[in-house]
Amino acid sequence: MEKNGLLANAQKQYEKALKYVKLSPDSKKVLSRPKELIEVSIPVRMDSGKLEVFTGYRVHYNDARGPTKGGIRYHPDVSLDEVEALSFWMTFKCAVVNIPFGGAKGGVIVDPKKLSAKELERLSRGYIDAIYGFIGPDIDIPAPDVYTNEMIMGWMADEYNKISRKLSPAVITGKPLNMGGSEGRGDATGKGAYYVIKEAAKVWKMSPSKTTVAVQGFGNAGYHIAKLLHDDGFRIVALSDSKGGIYSPDGFDPDSIMQAKLQKGTVDGVYCKGTVCDVIRHKKITNGELLELDVDILIPAALENQITEKNASNIKAKVIAEVANGPTSPEADEILEKKKVHIIPDILANAGGVTVSYFEWVQNKQGFYWEKEKVYERLQEIMVREFKNIYEIHLKEKVDLRTAAYILALKRIVAAIEAKGTEEYFRK
Ligand code: GLU
């Protein structure tokens with residue numbers, strides 16, 4: 001474990017919650033490191049005939065509350081430390097929304113935009129071949145994450161089924177609808193964030209028409225949250241993707257930007273290769289500038305460590321809703337707390353994705369599928385309930401919302417770990 005790495009950062013967040021939760025030394029020990037992890041080499045025959053070997057990981061952080069759950073990320077910057085941190089966050093995220101899962105994460109070091117669709121399929125199947133024994137409907141259930149999507153989940157589920165010679169749709173969530181996917185999974189992360197932001201807006205008395213929003217990241221989560229807020233009357237004044245951003249004080253319609261991207265032919269195969277910079281009249285800004293805009297709500301919806309001690313004091317937003325995992329460093333947290341910026345933490349704000357993944361898993365196991373309205377209704381119920389629980393802890397303990405979320409999750413995780421007995425019990 002790297003001392004100053006992402007996992008160490010993630011653990012600093014939960015350490016702040018420790019003094020509010022009664023937990024045995026056993027629980028602390030168990031939660032200090034991942035339960036198990038695997039590193040694999042994935043040989044892939046490229047279209048050129050050349051063989052490339054990609055490195056992949058899967059980490060099970062903790063399974064006290066149930067089979068582990070978490071996405072698979074394809075990105076050139078994937079590292080074991082990152083996957084460990086993401087699996088740690090998944091453990092707490094599943095507990096925040098009280099679904100019966102532990103936390104896991106997977107990743108492959110690859111720039112998927114450089115692969116053809118055929119190479120991508122071979123890589124995805126190869127990853128499943130490599131980690132086959134490490135996943136399963138009652139062991140660990142992968143899902144999409146950054147730069148993976150439902151088609152990739154479909155290939156992966158298919159590969160798993162081929163190897164096991166039976167159909168187990170519950171092994172992977174975020175699948176295409178026709179392969180056992182769930183209604184409402186595609187925009188679930190955005191929807192979940194939307195329900196939480198709406199609750200927060202009620203508490204902080206922010207009316208949509210008077211609220212400006214900047215969204216960093218135009219992937220699945222970023223696009224959907226921008227669209228949902230826009231449709232509800234919020235003004236989306238800035239958007240960005242990995243190449244840069246656009247700003248317009250009058251606001252954008254995220255759909256027209258997506259349309260423009262599609263029309264320009266910048267969505268190629270399963271990946272969007274375009275950049276939002278190209279499409280409409282606007283002022284071009286960098287990702288760094290977007291974060292420092294004078295807006296009411298800032299939504300980081302891309303990668304980790306975007307708001308750090310370097311830029312935290314320049315943040316002007318009143319509310320930060322973390323749709324990405326780990327966008328704010330612990331040092332930035334301290335600075336933002338002093339500035340009285342409200343942070344709706346990732347382990348709540350982006351938990352809609354895994355919540356609907358849970359619904360998909362339940363539907364797969366039952367062989368009985370729900371209407372989209374039912375999915376949204378149940379998602380909303382969970383997101384609103386847990387926002388209220390966290391808000392109550394925030395008021396009662398006088399802690400920031402992130403610490404409140406960790407307190408809530410930690411209590412649930414610890415209860416599961418300690419249900420098997422603690423040192424105190426066995427000493428008697
Ligand atoms: N990758 C998503 C996340 O970070 C979804 C995980 C899942 O559905 O299992 O929450």
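When a ligand or atom number is given, it counts from 1 through the structure's own listing order. Computation of the quantities below employed the complete heavy-atom set of this structure, encompassing side-chain atoms and omitting hydrogens, waters and symmetry-equivalent molecules.
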Sorted by chain and residue number, the side chain to side chain donor-acceptor pair (under 3.5 Å) partners of Lys191 (sequence neighbours excluded) come out as none
Taking a 3.5 Å cut-off between nitrogen or oxygen atoms, can you list every pair linking ligand 1 to the protein, with distances?
unit_1, atom_1, unit_2, atom_2, d
ligand 1, 1 (N), Pro144, O, 2.8
ligand 1, 1 (N), Asp145, OD1, 2.8
ligand 1, 4 (O), Lys93, NZ, 3.0
ligand 1, 4 (O), Lys105, NZ, 3.0
ligand 1, 4 (O), Asp145, OD1, 3.4
ligand 1, 4 (O), Asn325, ND2, 3.1
ligand 1, 8 (O), Arg185, NH2, 3.0
ligand 1, 8 (O), Ser357, OG, 2.5
ligand 1, 9 (O), Lys69, NZ, 2.8
ligand 1, 10 (O), Lys93, NZ, 2.6

Stacked cation flag Arg122 on Trp155, 6.0 angstrom / 45 deg: no
From the list Glu36, Lys35, Lys69, side chain to side chain donor-acceptor pair (under 3.5 Å) with His60 holds only for Glu36
For Tyr57, the ring pair (Phe, Tyr, Trp, His ring centres under 6.0 Å) test, sequence neighbours excluded, returns none
Query raised in the report: If we ignore angles and hydrogens, is there a donor and acceptor under 3.5 Å between the side chains of Glu84 and Tyr61?
Result: no
Donor-acceptor pairs under 3.5 Å, side chain of residues 298-307 to any protein atom, not counting sequence neighbours: which ones?
unit_1, atom_1, unit_2, atom_2, d
Glu304, OE2, Arg73, NH1, 2.5
Gln306, OE1, Gln216, NE2, 2.9
Gln306, NE2, Glu304, O, 2.9

